[in-house]
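Below is one structure; the comments refer to it alone.
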Amino acid sequence: MTSGVAEVGPLEAGVLPEGVRARFVEGVNGIRVHVLEAGFETAGRPLVVLVHGFPDLAYGWRGVMPLLASAGYHVVAADQRGYGRSGGTEATYETALEPYSTLNKVRDVVELV
């Protein structure tokens, strides 16, 4: 347990379309990020990163991910920081927020995937 919240695993395969997997990417600005992935079986595919808005989750992209994968892409959708199964942060009023920008988070997920 951390911060009084029970650790949960990635989404189970039974709730995802065929060809879509769920896993965690560790160390994205110190956060454990939950991602859905499709088209990962073949190396060298162009990467498409799908970013959800408020109050959605990566799960909302599950229908389009197999279509993009079948078109030849490696597709990644992440639960943003503090949403779904991704970790939050211990940011305070004095904490610099630049590391938590969407562009930084997407860059870090891409580097770790």
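With contacts defined as side-chain heavy-atom distances shorter than 4.5 Å, the pair Trp61/Val75 does not qualify. Side-chain atoms of Glu37 and Val20, non-hydrogen and from C-beta on, never get closer than 4.5 Å to each other. Considering only heavy atoms from C-beta on, Val76 stays 4.5 Å or farther from Val48 through its side chain.
Separation of atoms CG (Asp56) and CG (Leu50) is listed at 12.0 Å; rounding is to 0.5 Å. The CG atom of Leu11 sits 14.0 Å away from atom CZ of Arg23, with the distance rounded to the nearest 0.5 Å.
For the pair Arg85 (side chain) and Gly9 (backbone), a donor-acceptor distance under 3.5 Å is present. Between the side chain of Asp79 and the backbone N or O of Ala58, at least one donor-acceptor pair lies under 3.5 Å. Side-chain atoms of Arg45 do not come within 3.5 Å of backbone N or O of His74 as any donor-acceptor pair. Of the possible donor and acceptor atoms, one in the side chain of Gln80 sits under 3.5 Å from a partner among the backbone N and O of His52.
A ring-centre distance under 6.0 Å is found for Phe24 and His34.
Taking every heavy atom of both residues into account, Ile31 and Gly87 meet most closely at CG2-O, 3.4 Å. Minimum heavy-atom separation, Ala78 to Val35: CB-CG1, 3.7 Å. Between Gly72 and Pro46, the shortest heavy-atom contact is O-CD, 3.5 Å.
Linking ILVMFWY side-chain heavy atoms closer than 4.5 Å, directly or via other members, places Leu36 and Leu67 in two distinct hydrophobic clusters. In the hydrophobic cluster analysis, where Ile, Leu, Val, Met, Phe, Trp and Tyr join through side-chain heavy atoms closer than 4.5 angstrom, Val25 is grouped apart from Phe40.
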